[in-house]
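Data block below; observations after.
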Amino acid sequence: MCIYRALSIVILLLFSVEAEYEADKSQVSEIFDIEHYSATYKMHLEGSTLSPLDHFMQVGWKEKLNPNNWFNIELYQELYPCQDNPVLDWLNQASGITTEIHPEEVIFSMTSHPPRIGTSWLSLESFLRQKKKANKVILALARSDFPDEIIPQSLEILKRRGLEILFSDINYKVATKLLPVLKENPEAVIITGDDDRLYLDDWSEVLLNENKRHPGKIISASTRSYVYDSAGKGIDYLAQDIRYEQSAYSIFEGFAGVLYPPHAFNEEIFNLTNFLMLTPCADDVWFQTMAILNGTETISLSKEMRERFSSPREINGTQEAGLFHEHLHANDWMAYRALSYYGLLAHIDIPKHDTLSCKACKRKVWIPKPGDDLRRDHTTHMTTTTPKGKKCQSCFNPHPKKVLSIGAYGLGNIGDNIYQETLDHHLSDLYDMFFINDTVRMDINGNYILRNSQEEDLDFDALIIGGGGILRNFESKSSISYYMQRAIQNQKPFFIVSTGIQTSKAHLTPTEAAAHFGETAALLRQASLITVRSNEDHFLLRSVLGEQVRHKLHMRPDLGYLYADLVRDSFPEKKNISLSFKQDQRM
């Protein structure tokens with residue numbers, strides 16, 4: 001009898017093991033991509049009598065073969081170590097939320113966007129595995145980014161463990177991780193994190209314990225004081241001499257995780273227009289400004305805790321789509337701009353300035369004053385809600401157009417040289433200015449080359465011809481006709497400004513002038529604007545070029561000569577205007 005009893009137990013165990021295997025297999029089959037597995041691991045399957053799924057269940061996972069194209073076994077085991085099948089380990093995790101009654105409801109909140117949505121589940125997993133769990137774990141997504149409300153299978157599975165997906169009709173860009181959740185849950189404690197980070201399992205516990213000691217204050221894994229940049233006359237957001245001492249109003253970095261208590265912000269935080277105008281790519285800067293506007297102070301964790309939590313581990317392969325690429329070096333002016341607009345600079349002991357100079361492109365950065373119409377002024381000054389094309393990485397000014405100016409510069413005539421100074425003074429804040437005289441050319445790097453050189457020319461966006469006479473300069477030695485032809489060929493505008501055609505010296509009749517201009521007259525007719533120095537030149541050029549240029553042909557006095565001293569006085573740093581032709585230092 002004992003033998004039969006033992007045999008029956010063995011049989012039951014075998015059936016039990018088999019039943020458990022089938023149950024596990026059924027679970028894994030839900031995310032198992034047979035086509036992916038068969039194609040990717042064809043060599044592993046050769047000679048095997050097992051089906052692809054059975055192969056994965058018995059052999060594949062041990063060899064770190066992935067069941068589909070989004071579950072990376074090696075990465076999962078690195079982030080969430082386990083001894084058994086990682087897919088089963090993940091699928092069998094317990095609920096990630098709690099029904100525990102906190103003093104306030106606690107919500108973990110995160111956002112993502114299409115380039116990262118496929119890996120966001122790994123960060124959310126760290127939310128769901130916190131020792132101190134939240135009442136809700138919310139992934140807030142802009143509906144405009146996911147118009148069909150379709151999310152990856154990984155997130156659908158996390159919904160079983162408590163994940164909620166909130167589709168926001170308003171696209172708050174990077175601020176979507178907080179604003180839609182805050183609007184629907186104004187009385188909750190909200191802890192935010194980023195979708196490219198992995199948070200330690202006692203992260204929320206430390207933040208919530210600190211919240212009990214300092215109710216009503218923002219808790220950050222790390223805070224830094226605002227540092228005044230005396231050279232740039234602004235805020236050095238990424239100051240090398242980072243100061244971690246505690247201050248009432250501080251910089252906090254969202255990627256490390258931040259706890260926001262109820263009513264931490266001024267209602268202005270939902271002003272989408274101002275957010276996009278002032279801090280278009282910096283949610284942390286906007287949140288900091290709104291906290292200061294509301295009088296809410298920030299508390300940092302202790303030094304020991306800061307060392308543990310201030311630099312959460314990055315998830316491999318997520319940084320290429322990082323939003324920080326757009327705003328890391330722009331935080332300086334965005335912080336200053338927002339604080340200036342709301343009259344808060346004095347709160348952090350930062351002096352007030354009307355404009356700043358971008359550290360990278362050296363151009364002016366517009367700083368609005370309280371009460372300015374941001375929507376109107378935004379179109380007048382620089383900034384952007386959706387950066388397009390090439391822009392300065394530090395201030396988001398579009399890369400300036402290249403303007404090439406040709407004149408009789410550096411030939412000893414102060415009046416001609418004044419044109420270079422005047423154009424540089426009035427246009428260099430808006431454009432990259434390049435200057436050459438009419439006997440040389442400029443290569444693609446902004447260096448001077450001989451007119452007959454075979455090197456490639458500067459790729460300019462507009463051409464200005466001004467300073468000096470042009471009649472003699474249509475001779476073969478001149479670069480003026482050459483560059484006008486290039487402008488026409490590349491469909492770039494060109495302007496002939498305050499230029500003398502020197503007819504009084506040449507004593508040419510209209511007929512003689514037309515013969516002298518010859519084919520060049522066809523080039524002049526395509527200029528966007530022509531201004532000449534005298535009525536005589538104006539009449540002569542009209543007779544040569546025809547009535548079709550009448551609307552763009554104007555007479556203007558030679559102000560370069562008449563007001564040379566006045567122009568000198570407007571350049572206190574350039575009292576001694578050089579009479580020799582020098583390459584612009586910025587080229």
For the backbone of P180 and the side chain of K183, can you confirm whether one donor and one acceptor N or O come within less than 3.5 Å of each other? no
Ignoring hydrogens, what is the shortest heavy-atom contact between W203 and F309? Give both atom names and the distance. CA-CE2, 3.5 Å
Backbone N/O of F252 and side chain of S220: donor-acceptor pair under 3.5 Å: no
Short side-chain to backbone donor-acceptor contact, S109 and K177, under 3.5 Å: yes
E164 vs L139, test: side-chain contact (heavy atoms from CB on, under 4.5 Å). Steps then yes/no. CA-CA 6 Å; E164 298 180 25; L139 176 64; over 6 Å; no
With the side chain counted from C-beta on, respond yes when I292 and I348 share a heavy-atom pair under 4.5 Å apart, and no when they do not. yes
Validation row: L141, S112 side chains within 4.5 angstrom (heavy atoms): yes
Does a salt bridge link K131 with E205, judged by any charged N lying under 4.0 Å from a carboxylate O? no
Nearest-0.5 Å distance that lies between atom CD1 in I138 and atom CD in E184: 7.5 Å
What is the distance from atom CD1 of I496 to atom CD1 of I465, rounded to the nearest 0.5 Å? 5.0 Å
Can a side-chain donor-acceptor contact be found between Y342 and E268 if the only test is distance below 3.5 angstrom? yes
Any salt bridge between D195 and R116, counting N to O under 4.0 Å? yes
Between I235 and D229, what is the shortest heavy-atom contact and its length? C-CB, 4.3 Å
Answer yes or no: are there more than 12 heavy-atom neighbours, outside E304 itself, under 6.0 Å from its atom CD? no
Between F127 and F108, how do the two ring planes meet: parallel, tilted or perpendicular, split at 30° and 60°? perpendicular
If you apply the rule side-chain contact (heavy atoms from CB on, under 4.5 Å), what do you find for L423 with V497, and how did you get there? CA-CA 11 Å; L423 291 171; V497 181; 5.9 Å; no
What is the distance from atom CE of M290 to atom CG of L179, rounded to the nearest 0.5 Å? 10.5 Å
SB check K132 D202 (cutoff 4.0 Å): no
Would you say that E210 contacts I299 through its side chain, given a criterion of any heavy-atom pair below 4.5 Å between the two side chains? yes
Please find the pair of heavy atoms, one from Y341 and one from G371, that lie closest to each other, and give the distance. CE1-N, 4.0 Å
Main-chain N/O of V403 paired with D461 side-chain donor or acceptor, under 3.5 Å: no
Measuring from atom CG of D196 to atom CD1 of I315, what distance do you get when rounded to the nearest 0.5 angstrom? 7.0 Å
Hey, does D284 have a side-chain heavy atom less than 4.5 Å from the side chain of T279? no
On a heavy-atom basis, which atom in D283 and which in F275 lie closest, and how many Å separate them? CA-CE1, 4.3 Å
Side-chain (K352) to main-chain (S340) donor-acceptor, under 3.5 angstrom: no
Residue pair Y249 / T289, side-chain heavy-atom distance below 4.5 Å: no
Trace of the side-chain contact (heavy atoms from CB on, under 4.5 Å) decision for F265 with L178: CA-CA 12 Å; F265 303 108; L178 174 63; 3.8 Å; yes
Interatomic distance, OG@S300 vs CD1@I219, rounded to 0.5 Å, equals 9.0 Å
Do you know the tightest heavy-atom contact between G254 and D194? O-OD1, 4.1 Å
Is any side-chain heavy atom of N185 closer than 4.5 Å to one of K136? yes
Side chain to side chain contact (heavy atoms under 4.5 Å, CB included) with L339: of L344, L278, I350, V285, only one passes, and it is L344
Is the backbone of S120 close enough, under 3.5 Å, to the side chain of S123 for a donor and an acceptor to pair up by distance? no
N/O donor-acceptor pair under 3.5 Å between T296 side chain and A264 backbone: yes
For Y483 and D457, test the side chains for any donor-to-acceptor distance below 3.5 angstrom and give the result as yes or no. yes
Short question: side chain of S302, backbone of M305 - any donor-acceptor pair under 3.5 Å? yes
Please evaluate residues K402 and D432 with respect to the criterion salt bridge (Lys or Arg N to Asp or Glu O under 4.0 Å), reporting the C-alpha separation (whole Å), side-chain torsions for both, the decisive distance (0.1 Å), and the verdict. CA-CA 5 Å; K402 295 179 180 178; D432 271 348; over 6 Å; no
Do NZ/NE/NH1/NH2 and the carboxylate oxygens of E125 and R129 come within less than 4.0 Å? yes
Cut-off 3.5 Å, side chains only: do E187 and H263 have a donor facing an acceptor? yes
Can you give me the closest heavy-atom contact between P312 and F255, atom names plus distance? CG-O, 3.5 Å
Is there a side-chain contact between I406 and N437, using heavy atoms and a 4.5 Å cut-off? no
For Y237, does the six-membered ring have the charged nitrogen or CZ of R224 within the cation-pi criterion, i.e. under 6.0 angstrom from the centroid and within 45° of the normal? yes
One pair to check against side-chain contact (heavy atoms from CB on, under 4.5 Å): R337 and L356. What are the steps and the verdict? CA-CA 9 Å; R337 171 182 286 180; L356 296 181; over 6 Å; no
Checking the side chain of W286 only, and the main-chain atoms of I269 only, is there a donor and an acceptor separated by less than 3.5 Å? yes
With heavy-atom distances below 4.5 Å as the criterion, would you say the side chains of F460 and N490 are in contact? no
For atom CG of D459, is the number of surrounding heavy atoms from other residues, nucleotides or ligands below 6.0 Å larger than 12? no
Answer yes or no: is there a donor N or O on one side and an acceptor on the other, between the side chain of D145 and the main chain of H113, under 3.5 Å? no
How many angstroms lie between CG in N266 and CG in L293, if you round to the nearest 0.5 Å? 4.0 Å
